[in-house]
Number of protein chains: 2
Amino acid sequence: MLEKSITLPEEAGKELSELEIEAIQMFINFLKLIGLPKSVGEIYGLLFVAPKPLAMDEIMSRLNISLGAASQGLKLLRGVGAVKATYVPGDRRDHYVADLELSKFATAFIKEELHPRMERALERIRRMEQLSADMTPEQRKATMMKIERLKHWLEKGNKMLPWILKFLVR
Amino acid sequence: MLEKSITLPEEAGKELSELEIEAIQMFINFLKLIGLPKSVGEIYGLLFVAPKPLAMDEIMSRLNISLGAASQGLKLLRGVGAVKATYVPGDRRDHYVADLELSKFATAFIKEELHPRMERALERIRRMEQLSADMTPEQRKATMMKIERLKHWLEKGNKMLPWILKFLVR
DNA sequence: CAATAATTTCAATAAAAAATGAAGTCCCGG
DNA sequence: CCGGGACTTCATTTTTTATTGAAATTATTG
């Protein structure tokens, strides 16, 4: 059976252009901020500047990332609405395009990270209020003051969120 | 040479109260959001509900964390303004108190994470504009449009930050 | 000033997170 | 329906990040 020449480590798909590299680095940095792994930033960065839809294997070979990373990264990006699959006639593969609406990331972050944590925090605060019931009056007073602070802060955050969202989305 | 009885894993300092546990878990979760390690959340959580200043070794033994983690965590928290060292008469050790102003974390995050990344992103965008100079007019047009989007979004974010800060700080 | 307690630092280790790629699943076109 | 490409999953490995604790440094105090 014939075998292609051994794949050199640095061979990969077409080299990335400088433009692509800048875009990719930019998104790696930004998405890291909201806790997304490097590979996701790479994929989105590449798609962001791509002049046409890219298939998964193109993404893999351009970025030198594994099948699994490409598949999972695209899944996440699709889930968040930051990438769309498009139909390309005469090609069996899915092709992907970046949604240029950056607010998708902010929205997803707020919905998936911030909100749940705030909810959880409110539960804990309620629990803390209960617990402070059996304390000496003195301790109780001090504790309640702190809890009030926490609540106040959370409420402030909660009030701000819709405003931020509206502002970001357009 | 005499040896103390073997230290049991679960021995440690005075057990944490339920209240302390709730507070600690809450802050672990919140601070994780802005990329701070668990130990930092633990320390802040403990200090937040503590009725009096705590020395580093008390923190260590209550939380069962190492000398290094305690020292580094406190250093970080002090750096961010979330914890203050107080003088306790007749005690050689430093004692620490939580600053209840939660906005300290938001401020630090914006200053230390968000702002630098935005600056860096703007640099990259400038570079991208340069690079798009030698492209076919068609490609160039499409690329410039994307770059405009990026800029627009960054500017929007930049305008929003001071507002958010003002809102959070009181 | 010693003596020693308190704290910081940092190389080594452990824990957590991300990437890999082989095995399995799901089509689509003949 | 079956053959094979496209994709997904997930156990394993790699990489990154956090924690540990011993050694070095910096006070404090008798």
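Residue numbers start from 1 in every chain, and the chains themselves are labelled A, B, ... in the order their sequence lines are given, proteins ahead of strands.
Between Met60(A) and Ser66(A), the closest heavy-atom pair is CG-O, 4.0 Å. Between Glu20(B) and Val49(B), the shortest heavy-atom contact is CG-CG2, 3.7 Å.
Residues satisfying the salt bridge (Lys or Arg N to Asp or Glu O under 4.0 Å) test with Arg126(A), not counting sequence neighbours, are none. For Glu112(A), the salt bridge (Lys or Arg N to Asp or Glu O under 4.0 Å) criterion is met by no residue, not counting sequence neighbours. Glu123(A) meets the salt bridge (Lys or Arg N to Asp or Glu O under 4.0 Å) test with Arg120(A); sequence neighbours excluded.
Protein chain A touches strand DNA chain C; the 5'-most and 3'-most nucleotides with an atom under 4.0 angstrom of its non-hydrogen atoms are dA18(C) to dC28(C).
Taking atom CE on Met60(A) and atom C1' on dT8(D), their separation rounds to 13 Å, with Å as the unit. Here dT8(D) presents its C1' atom at 17 Å from CZ of Arg93(A), a figure rounded to the nearest Å. The separation between Arg92(B) atom CZ and dT29(D) atom C1' is 6 Å, rounded to whole Å. To the nearest angstrom, C1' of dC7(D) lies 13 Å from NE2 of His95(A). Atom OH in Tyr87(B) sits about 10 Å away from atom P in dT28(D), given to the nearest Å.
Against DNA chain C, the stretch residues 65-78 of chain A makes heavy-atom approaches under 4.0 Å through Ile65(A), Ser66(A), Leu67(A), Gly68(A), Ala69(A). A heavy atom closer than 4.0 Å to some atom of DNA chain D occurs in Met56(A), these being the qualifying members of residues 47-59 of chain A.
Residues in residues 151-168 of chain A take part in these side-chain hydrogen bond (donor to acceptor under 3.5 Å, both in side chains) pairs, two or more places apart or across chains: Glu129(A)-Lys151(A). The list of salt bridge (Lys or Arg N to Asp or Glu O under 4.0 Å) pairs with a residue in residues 130-142 of chain A, not counting sequence neighbours, is empty.
Hydrophobic clustering of Ile, Leu, Val, Met, Phe, Trp and Tyr side chains at less than 4.5 Å, counting indirect connections, unites Leu131(B) with Leu46(A).
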Worked check of salt bridge (charged side-chain N to carboxylate O under 4.0 Å, His left out) between Glu113(A) and Arg117(A) = CA-CA 6 Å; Glu113(A) 301 284 320; Arg117(A) 283 177 212 257; 2.9 Å; yes
Just the atom pairs and distances: protein N or O near nucleotides 12-17 of chain D's N or O, under 3.5 Å.
none

Report all side-chain donor-acceptor pairs from residues 85-93 of chain A shorter than 3.5 Å, counting only partners two or more places apart or in another chain.
| unit_1 | atom_1 | unit_2 | atom_2 | d |
| --- | --- | --- | --- | --- |
| Thr86(A) | OG1 | His95(A) | O | 3.3 |
| Asp91(A) | OD1 | Arg93(A) | N | 3.0 |
| Asp91(A) | OD1 | Arg93(A) | NE | 3.1 |
| Asp91(A) | OD2 | Arg93(A) | NE | 3.3 |
| Asp91(A) | OD2 | Arg93(A) | NH2 | 2.7 |
| Asp91(A) | OD2 | His95(A) | NE2 | 3.2 |
| Arg93(A) | NH1 | Asp57(A) | OD1 | 2.9 |
| Arg93(A) | NH1 | Asp57(A) | OD2 | 3.0 |

Under 3.5 Å, which donor-acceptor pairs do the side chains of residues 23-44 of chain A form with other protein atoms, sequence neighbours left out?
| unit_1 | atom_1 | unit_2 | atom_2 | d |
| --- | --- | --- | --- | --- |
| Gln25(A) | OE1 | Arg124(B) | NH1 | 2.8 |
| Asn29(A) | ND2 | Gln25(A) | O | 3.2 |
| Tyr44(A) | OH | Asp99(A) | O | 2.6 |

For residues 77-84 of chain A, which side-chain N or O atoms pair as donor and acceptor with protein atoms under 3.5 Å away, sequence neighbours left out?
| unit_1 | atom_1 | unit_2 | atom_2 | d |
| --- | --- | --- | --- | --- |
| Arg78(A) | NE | Leu74(A) | O | 3.4 |
| Lys84(A) | NZ | Gly81(A) | O | 3.2 |

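No donor-acceptor pair under 3.5 Å is formed between the side chain of Gln139(A) and the backbone N or O of Thr136(A).
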